[in-house]
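Within every chain, numbering begins at 1; the chains are lettered A, B, ... in the order of the sequence lines, protein sequences first and strands thereafter. These figures come from a predicted structure and were not determined experimentally.
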Protein chains: 2
Amino acid sequence: MEVARIAGVSTATVARVLKNQGYVSAKAREQIEAAVKATGYRPNAMARNLRQQRSYTIGHVVSAVTANPFFVNVAHGAEDEAFARGFSTLLFNHNGSAERERAGIERFIEQRVDAVLFTTAIEVSDVALLLKERIPVVQVERRVTADAPSVTVDNEVGALEAMAYLIELGHRRIAFIGGTPMVDDRLVEAERENAYRIGLFNAGLSWRDEYVGHGAYYSPEDGTGRDGYRHTKAFLSLPRDKRPTAIFATCDILAASALQAINEMGLRVPGDISIIGFDDTLAQNLAPPLTTVAQPMQELGRRAFGMALSMIEGDRSPVPVRLPSRLVIRHSVGPPPR
Amino acid sequence: MEVARIAGVSTATVARVLKNQGYVSAKAREQIEAAVKATGYRPNAMARNLRQQRSYTIGHVVSAVTANPFFVNVAHGAEDEAFARGFSTLLFNHNGSAERERAGIERFIEQRVDAVLFTTAIEVSDVALLLKERIPVVQVERRVTADAPSVTVDNEVGALEAMAYLIELGHRRIAFIGGTPMVDDRLVEAERENAYRIGLFNAGLSWRDEYVGHGAYYSPEDGTGRDGYRHTKAFLSLPRDKRPTAIFATCDILAASALQAINEMGLRVPGDISIIGFDDTLAQNLAPPLTTVAQPMQELGRRAFGMALSMIEGDRSPVPVRLPSRLVIRHSVGPPPR
DNA sequence: TTGTAAGCGTTATCAT
DNA sequence: ATGATAACGCTTACAA
């Protein structure tokens, strides 16, 4: 290369100083460094990667960053950690389409990404495709297959905390708005709903269908998806003495639309009704600031990358990571109205 | 390569069928396709890119995807368009740090990205670095240098619409919460504030310092950055007959925290006070759904990629793109209270 | 229509 | 301590 020519040495020696390994005389090092500076030389990663059969790049497949801030936080955490460890991140949104996911994966394979993170895969077969190519895969938040390790959240702990908190404050009529999953795996939803059930049970309360609704976790688009709003309207149209005094929504987006319904009916939070969300995405920005079960989103991303890296470095079966969720108390919960 | 061996042809012929160009006999094509299928062969992009001196990858430098959903939308639009045109996207968050931006750029250069998008660069010198390497650069939303083309938004049109809307409804005491820029370039902020000024002027109203505040556009973290809240509290503590009847906030995040102040004081929107935001990020999720000046965020990203592509293909000086902002009417504005 | 061979810019091995 | 050289897997003249 040019630098070698100018410094009057071979490319091998240049490589040695650049990678800082092997014996190099002070004189050669000096000349090479000068030549690097003079020419503004930058090593070509395409060549290096080809030679080393490593791309120092990971692929991150996410549902759609604009669908839920949850994905954004995970992606940011993963990118941050990857960058710190010398890796770049190719971010790909499958936008809920299986064909798109497939196409994205095929591209990742051709790029020879060193690993791929799925913040929610659609098709098991897409994960399998990667595995067949011996590309490490880490599943974040939801598992679609047992063939790849995962970084997940224990949704139950935080949700139980939330329920206990409501009950301790005296709430007895607690409504629930849960997520309708967009994928087959219902584990996340099951955990949250289960915590609701257990919370009720622990307090000697019984499940009532009219206090339970389900809806989409994703941002409302063109008016659809406002399920939190719809269910809340229904809850609030119950006779005064049957009306829930608190709502546990398993997603901040759902909670936000519940808040819209409450606001529209002229009711106040937490004076007239309390509400707890989940995720800690929109929570801080809502009025009042929402008490919510926080997920360690960025940490999820960072750990996912960490796990991918250990697999890249040869770890055949990393130990699955499970992080806790926890209740973050803000201002949307108070004692029930008398 | 393996496929060539199995199909009993040369690698050149394989390349020909894979790229679908040049003469290939039906027989050869058939055999090669069979061999591809049998081996599950995937072309190696590292090798192809090295050979072609093109990475089919763009770098996208953003401030921090978690700081403001605006960035996420731009990133999603860019990724979408890039993918459709056969490009992959390396997403990099500089997190507001100039050193990090620099480091990210250097990495992009080594990767030989075909172009880079900045959704808000920090340092002109970082852009210059890319330019020196003859890597096309597109600036999104804010320009820090005249040496690279940009895709920006006309902030004024939408903001003027917003002001006109308020005035038409009868508002005369209109407060303003503008952004404190995190970068030197104040153009975006100037346009929005200017529209406020012009709107006032057109209605024969005068500027009053006590109706104007400034704050950070970014999400509140650990309690800081709630400037919208702070200013709104101040506005609302004015004597009843001096109190603004409407607030124009130049960012949904600011508007959201204004809403928190209003809510806390037991006031209703739009009954007691009206509010208009900017961006259309949080707007849909707030209570009430926020009337806001929308920016075509995804379109910004798509156009930015399109411009980058035209530069990759040789266009020396693409024509700058300027997209309009527009008022989206939802439920946070009504006539002033009597 | 197909094959040969050079070359992309590194790194790694093996001599020296 | 350093240089030659092969190899990574593709594309593309050019030759056949």
Between [X] and [N], is there a side-chain N or O to OP1/OP2 distance below 4.0 Å?
| X | N | answer |
| --- | --- | --- |
| B/Y56 | D/dC10 | no |
| B/Q52 | C/dG7 | no |
| A/Y23 | C/dT16 | no |
| A/T13 | D/dT2 | no |

Rounded to whole angstrom units, what separation is found between the [atom1] atom of [X] and the [atom2] atom of [N]?
| X | N | atom1 | atom2 | answer |
| --- | --- | --- | --- | --- |
| A/R5 | D/dG3 | CZ | P | 15 Å |
| A/I32 | D/dA1 | CD1 | P | 13 Å |
| B/E30 | C/dT1 | CD | P | 15 Å |
| A/M46 | D/dA7 | CE | P | 23 Å |
| A/R112 | D/dC8 | CZ | P | 14 Å |
| B/N44 | D/dC8 | CG | C1' | 8 Å |
| A/L50 | C/dG7 | CG | P | 17 Å |
| A/E133 | D/dG9 | CD | C1' | 15 Å |

Hey, does the side chain of [X] reach the backbone of [Y] with a donor-acceptor pair shorter than 3.5 angstrom?
| X | Y | value |
| --- | --- | --- |
| A/N44 | A/A47 | yes |
| B/R54 | B/R48 | no |
| A/Q111 | B/M46 | no |
| A/T39 | A/A35 | yes |

Next on the checklist: Can you tell me whether the side chain of A/R16 and the base of D/dG3 have a donor-acceptor pair closer than 3.5 Å?
Outcome noted: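 Side chain to base: pair found, below 3.5 Å.
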Checklist entry - Counting any heavy atom closer than 4.0 Å, what does B/A45 reach on the DNA or RNA strands: base, sugar-phosphate only, or nothing? => result nothing
Checklist entry - Touch check for A/R42, heavy atoms < 4.0 angstrom, all strands: base, sugar-phosphate only, or nothing? => result sugar-phosphate
Next on the checklist: Can you tell me how the ring of B/F108 sits relative to the ring of B/F92, calling it parallel under 30°, perpendicular over 60° and tilted otherwise?
Outcome noted: perpendicular
Next on the checklist: Using heavy-atom distances to pick each residue's nearest nucleotide on DNA chain D, tell me which of B/A12 and B/A47 is more 5'.
Outcome noted: B/A47
Checklist entry - So, are A/D80 and B/R100 salt-bridged, with charged N and O less than 4.0 Å apart? => result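 Looking at A/D80 and B/R100, the cut-off is met.
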Selected nucleotide, minimal atom distance to [X] side chain, candidates [options]:
| X | options | value |
| --- | --- | --- |
| B/S25 | C/dT10, C/dG9, C/dT2 | C/dT2 |
| A/V24 | D/dT11, D/dT2, C/dT10 | D/dT2 |
| A/Q21 | C/dC8, C/dG3, C/dA12 | C/dA12 |

Item to check | Residue whose closest nucleotide on DNA chain C lies nearer the 5' end, B/R29 versus B/T11 | outcome: B/R29
Checklist outcome for this item: Whichever of B/K27 and B/Q53 has the more 5' nearest nucleotide on DNA chain C, that residue is B/K27
